Amino acid sequence: MKFFIDTANIDEIKKGMDFGMVDGVTTNPSLMAREGRNWRDVASDICQLVQGPVSLEVIGTTAEDMVNEAVELVKFGPNVVIKIPMTMPGLEAVKTLANMQIETNVTLVFSPLQALLAAKAGAAYVSPFVGRLDDIGQNGMDVVAGIIDIYDNYALDTEIIVASVRHPGHVLESAMMGADIATIPFKVIEKLSRHPLTDTGLEAFLADWKTVK
Ligand code: G3P
């Protein structure tokens, strides 16, 4: 499974890269706003740093506006993927951009049927938001399972990015289900490496080594 990092923060991306955990980056308007810098500088920095796909999101609400923004956003680098909201104008933009050989990532997906539509429109990626579904008492990973089944049934090659990942359990389930990608916040990537038995085991090894002659 590929690991994308869900952040617009350059330090987090660099740290993730140091551990070999950044196969790509996903951003959104909220993550960009959190940086408090000019978004163009942020987008440019990320695209220069990362070789894998970098999702940059449009803010237009008509297909025409989204396509026009996409044409500007792809100038940041050859690895830019245009993040498009799951709306009817969004699907129209996805279709147009696919015809222009511009890759899209359909975002704000909350049902398997939305993901089917995104794939049929020609999206390269689809992003089900699992944490936000869990937040309202639904099971986000059930939606991912449904998308995997549907994409398998029809050999659709749109890649599934499990998004709105909140904890290691989401990553574990994604990997066990065979999701293509999980886009993970840095703080969750850190948690993935930890296990209390690793810590106590290492402590014991180091203590014992002190007694070795
Ligand atoms: O990038 C989209 C998604 O991962 C957002 O996550 O935590 O704001 O629901 P969250």
Side-chain angles (χ1 to χ4, degrees), residues 1-13 15-17 21-37 39 42-43 45-47 49-50 52-61 66 69-70 73 76 79-87 90-91 93-94 103-112 114-115 118 123-145 147-148 158-175 177 179-192:
M1 184 172 71
K2 284 176 270 188
F3 277 23
F4 287 3
I5 188 165
D6 196 31
T7 186
N9 183 277
I10 295 295
D11 290 339
E12 289 185 347
I13 295 170
K15 276 191 234 163
M17 287 171 70
M21 296 299 153
V22 178
D23 299 311
V25 175
T26 52
T27 67
N28 62 39
S30 305
L31 293 170
M32 283 288 188
R34 207 175 286 171
E35 292 313 296
R37 302 166 55 204
W39 72 266
V42 176
D45 288 351
I46 297 172
C47 291
L49 189 62
V50 176
V54 175
S55 286
L56 301 176
E57 188 159 341
V58 297
I59 44 107
T61 52
M66 290 184 220
E69 274 181 71
L73 289 173
F76 283 106
N79 51 345
V80 169
V81 173
I82 306 301
K83 218 169 173 189
I84 303 271
M86 177 59 224
T87 59
L91 292 175
V94 167
E103 288 196 333
T104 55
N105 169 5
V106 174
T107 188
L108 291 166
V109 165
F110 295 97
S111 80
Q114 288 182 319
Y125 302 93
V126 66
S127 291
F129 277 28
V130 296
R132 293 192 193 185
L133 281 165
D134 292 353
D135 288 346
I136 60 161
Q138 296 183 21
N139 186 333
M141 292 310 300
D142 283 352
V143 170
V144 176
I147 299 170
I148 290 172
T158 302
E159 289 191 75
I160 301 167
I161 305 179
V162 179
S164 187
V165 164
R166 300 279 168 76
H167 52 72
H170 282 145
V171 182
L172 174 64
E173 276 194 82
S174 300
M177 283 181 190
D180 303 287
I181 302 153
T183 189
I184 315 172
F186 183 75
K187 63 175 188 289
V188 178
I189 294 179
E190 276 185 315
K191 283 183 188 167
L192 296 176

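Quantities reported herein were computed from a predicted structural model and do not represent experimental measurements. Only this structure's heavy atoms are used, side chains among them; waters, hydrogens and symmetry mates stay out. Just follow the structure's listing: the first ligand is 1, and inside any ligand the first atom is 1.
Between the side chain of N79 and the backbone N or O of V54, no donor-acceptor pair lies under 3.5 Å. No donor-acceptor pair closer than 3.5 Å links the side chain of D6 to the backbone N or O of A163.
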Practice problem: Step by step, work out the side chain to side chain contact (heavy atoms under 4.5 Å, CB included) result for V171 and V165. | Solution: CA-CA 7 Å; V171 182; V165 164; 3.9 Å; yes

Practice problem: Before giving the answer on side chain to side chain contact (heavy atoms under 4.5 Å, CB included), spell out for V126 and Q114 the whole-Å C-alpha distance, their side-chain angles and the decisive distance to 0.1 Å. | Solution: CA-CA 9 Å; V126 66; Q114 288 182 319; over 6 Å; no

Self-check item: Audit row: I161, K83, side chain to side chain contact (heavy atoms under 4.5 Å, CB included) steps and yes/no
Solution: CA-CA 12 Å; I161 305 179; K83 218 169 173 189; over 6 Å; no

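Enclosure of atom CG in L49 by more than 12 non-hydrogen atoms of other residues, nucleotides or ligands within 6.0 angstrom is indicated.
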Distance dump, ligand 1 polar atoms to protein, N/O, under 3.5 Å:
residue	atom	partner	partner atom	Å
ligand 1	1 (O)	D6	OD1	2.8
ligand 1	1 (O)	D6	OD2	3.3
ligand 1	1 (O)	N28	ND2	3.1
ligand 1	1 (O)	K83	NZ	3.2
ligand 1	4 (O)	D6	OD2	2.5
ligand 1	4 (O)	S164	N	2.8
ligand 1	7 (O)	R166	NE	3.2
ligand 1	7 (O)	R166	NH2	3.4
ligand 1	8 (O)	R132	NH2	2.8
ligand 1	9 (O)	R132	NE	2.6
ligand 1	9 (O)	S164	OG	2.7
ligand 1	9 (O)	R166	NH2	2.8

